[in-house]
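What follows is a single structure, written as structure tokens, with notes after it.
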Amino acid sequence: MNSIEAARTQWIADRPKHSKFAEEMLGRLQLVIRELGIAAQLSARPKEVYSLVKKLLAKPHLTYESMPDKVGARIVVRYISELSQVREQLKERFVIRQIEDTSARLHIDRVGYQGIHVDGLALLPDDELQGEYPSRDFFLELQLRTMSQHLWSEISHDSFYKNDGLVQQLPQDLQRRVHLMAGQVEVADREFERMNHEIPADPAVKLFKALEPLYYGLSAERPNVELSMEVIRLLLPLYGQNDHIDSISRQIESRFHGSEGMLKIVYSDPDNLKTDAAAFLFQPEAMMIYDCLLTDRDQTLKHWNEKFPSEELERVATLFGISLD
């Protein structure tokens, strides 16, 4: 039996456990994204058997043990600035062998594939699952990209540059056109980033974004953004005209961390998703409602009644352990 056949046989036996490892890591990566309060697409899966064999045939220097991407993962974000946010969190939460930003390969007068590759991402030494998924055997390769970079990679890089020796080399003109498209993608990313920062500052929108990391730390339910804007604008006057949004968000965050244990219990109960209170509970501004109720219950109820029935607030308050009587 040759080494590649031995690797194929071994992977057939090992792949089911690596599939469970991929599921575990995907859940942890999703938690990182929720806590950052950003929108992203995530995936993680073990390599297919045929793909592992093809890679070993194409790269003789690799062995079954050293292959870095037996499990592969992707995180696709919206904006360039979010790449560094995710990267820093990954460095804090996991063991990482190497991080490569492929844009560093490009000279200032060149364009091409861009993205961040994270090799050897594994559990920390003191992780409770280290015994089940030891870092020497269970690790993944993660690709971190913007949506624009991902689109270019899927259509261009994965199709044109990952072809094997059986595929004829691409004509130079086609190669050049592929690189020019990469330049357009880079321009698009820069413009999207600029536009995101140039959007007029709406205090309600700014507070909503500040509340998202708190909410996504408790739930993955998609909120109703239109409802969020209504509730936030309704309750903002309770904080006074002179309060800056940053100070309001810090107050709510402090309240959140002081009651995080109770809040996790509330949001982890699947029955609460089915209650009449769900419409307002599974929203980022629920953290604001909680803070307002504890700060001034009567004024909160007064403002609430200007737009919503008091029964709606009472249902949420009850789940938070607050009486409106």
Side-chain angles (χ1 to χ4, degrees), residues 15-47 68-97 99 115-124 126-130 132-133 135 138-151 153-154 208-225 228 253 256-257 260-261 263-270 272-273 278 281-287:
R15 193 175 183 275
K17 188 165 184 180
H18 280 78
S19 181
K20 291 182 179 179
F21 172 67
E23 292 178 10
E24 174 65 30
M25 296 301 278
L26 179 60
R28 295 180 183 223
L29 293 172
Q30 288 171 334
L31 179 60
V32 169
I33 295 301
R34 285 202 303 270
E35 292 181 353
L36 284 172
I38 62 178
Q41 300 169 5
L42 295 90
S43 64
R45 60 183 178 84
K47 212 170 189 64
D69 60 343
K70 288 199 285 286
V71 176
R74 286 177 179 168
I75 300 178
V76 181
V77 300
R78 293 174 298 181
Y79 303 110
I80 297 174
S81 59
E82 294 172 340
L83 295 174
S84 59
Q85 295 179 47
V86 176
R87 180 176 57 192
E88 292 308 306
Q89 283 298 307
L90 294 178
K91 288 162 63 176
E92 290 184 14
R93 307 284 189 96
F94 303 98
V95 169
I96 293 174
R97 184 182 304 127
I99 298 180
I116 295 174
H117 290 181
V118 182
D119 289 333
L121 189 147
L123 299 175
L124 291 170
D126 60 350
D127 192 283
E128 61 181 8
L129 293 182
Q130 184 65 229
E132 186 172 356
Y133 302 117
S135 300
F138 291 87
F139 46 84
L140 57 81
E141 179 185 84
L142 184 144
Q143 297 172 343
L144 176 58
R145 304 166 177 159
T146 65
M147 288 182 177
S148 300
Q149 292 169 350
H150 183 61
L151 174 64
S153 178
E154 286 292 284
F208 175 78
K209 289 185 175 182
L211 294 174
E212 279 186 306
L214 304 180
Y215 171 69
Y216 287 128
L218 299 170
S219 174
E221 291 295 319
R222 185 185 298 275
N224 179 334
V225 178
S228 292
E253 184 176 358
F256 171 86
H257 289 304
E260 192 169 1
L263 292 169
K264 285 182 176 179
I265 292 173
V266 171
Y267 281 87
S268 64
D269 186 344
N272 287 337
L273 190 58
L281 180 67
F282 288 90
Q283 294 279 115
E285 69 277 10
M287 304 303 104

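Any value given below was found using the heavy atoms of this structure, including those in side chains, with hydrogens, waters and symmetry copies removed. Source: prediction; values computed, not measured. Sequence positions, counted from 1, serve as the residue numbers for this chain.
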With a 4.5 Å limit on heavy-atom distance, are the side chains of [X] and [Y] in contact?
X	Y	value
Leu90	Ile99	no
Leu123	Met25	yes
Glu260	Lys264	yes
Leu29	Leu142	yes
Phe256	Leu218	yes
Lys47	His18	no
Glu221	Tyr267	no
Phe21	Glu132	no

Distance in Å, [X] [atom1] paired with [Y] [atom2], rounded so as to fall on 0.5 Å steps:
X	Y	atom1	atom2	answer
Ile96	Leu124	CD1	CG	9.5 Å
Ser148	Tyr79	OG	OH	10.5 Å
Ser135	Leu121	OG	CG	9.5 Å
Leu83	Arg145	CG	CZ	11.0 Å
Leu144	His117	CG	NE2	9.5 Å
Glu128	Tyr133	CD	OH	11.5 Å

### Query
Is the backbone of Asn224 close enough, under 3.5 Å, to the side chain of Gln283 for a donor and an acceptor to pair up by distance?
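Yes: the side chain of Gln283 pairs with the backbone of Asn224.
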
### Message
Using modelled atom types and a 3.5 Å cut-off, is there a donor and acceptor pairing between side-chain atoms of Glu141 and backbone atoms of Lys70?
### Response
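The answer is no, because no donor-acceptor pair under 3.5 Å joins these two groups.
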
### Query
With a cut-off of 6.0 Å (strictly less than), are more than 12 heavy atoms of other residues, nucleotides or ligands near CZ of Arg87?
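Check passes, neighbour count above 12.
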
### Message
If we check side-chain contact (heavy atoms from CB on, under 4.5 Å) with Leu140, which of these qualifies: Val118, Asp69, Val71?
### Response
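Only match with Leu140 under side-chain contact (heavy atoms from CB on, under 4.5 Å): Val71.
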
### Query
Taking only residues two or more places apart in sequence, or in another chain, which ones meet Tyr216 in a side chain to side chain contact (heavy atoms under 4.5 Å, CB included)?
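Only Arg34, Glu212, Pro223 meet the side chain to side chain contact (heavy atoms under 4.5 Å, CB included) criterion with Tyr216.
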
Of all heavy-atom pairs between [X] and [Y], which one has the smallest distance, and what is that distance?
X	Y	answer
Phe139	Ala122	CB-CB, 4.1 Å
Leu36	Gln89	CD2-CG, 3.8 Å
Ile33	Ala40	CG2-CB, 3.9 Å
Glu285	Ser228	OE1-OG, 2.7 Å
Ile75	Val86	CD1-CG1, 4.0 Å

### Message
Taking the cut-offs as 6.0 angstrom to the six-membered ring centre and 45 degrees off its axis, would you call Arg28 and Phe94 a cation-pi pair?
### Response
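Ring-cation test returns no.
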
### Message
Between the side chains of Lys20 and Glu24, is the shortest nitrogen-to-carboxylate-oxygen separation below 4.0 Å, so that they form an ion pair?
### Response
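Looking at Glu24 and Lys20, the cut-off is not met.
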
### Task
Please check if the distance between the ring centroids of Tyr215 and Phe282 is under 6.0 Å.
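Not under 6.0 Å, so no.
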
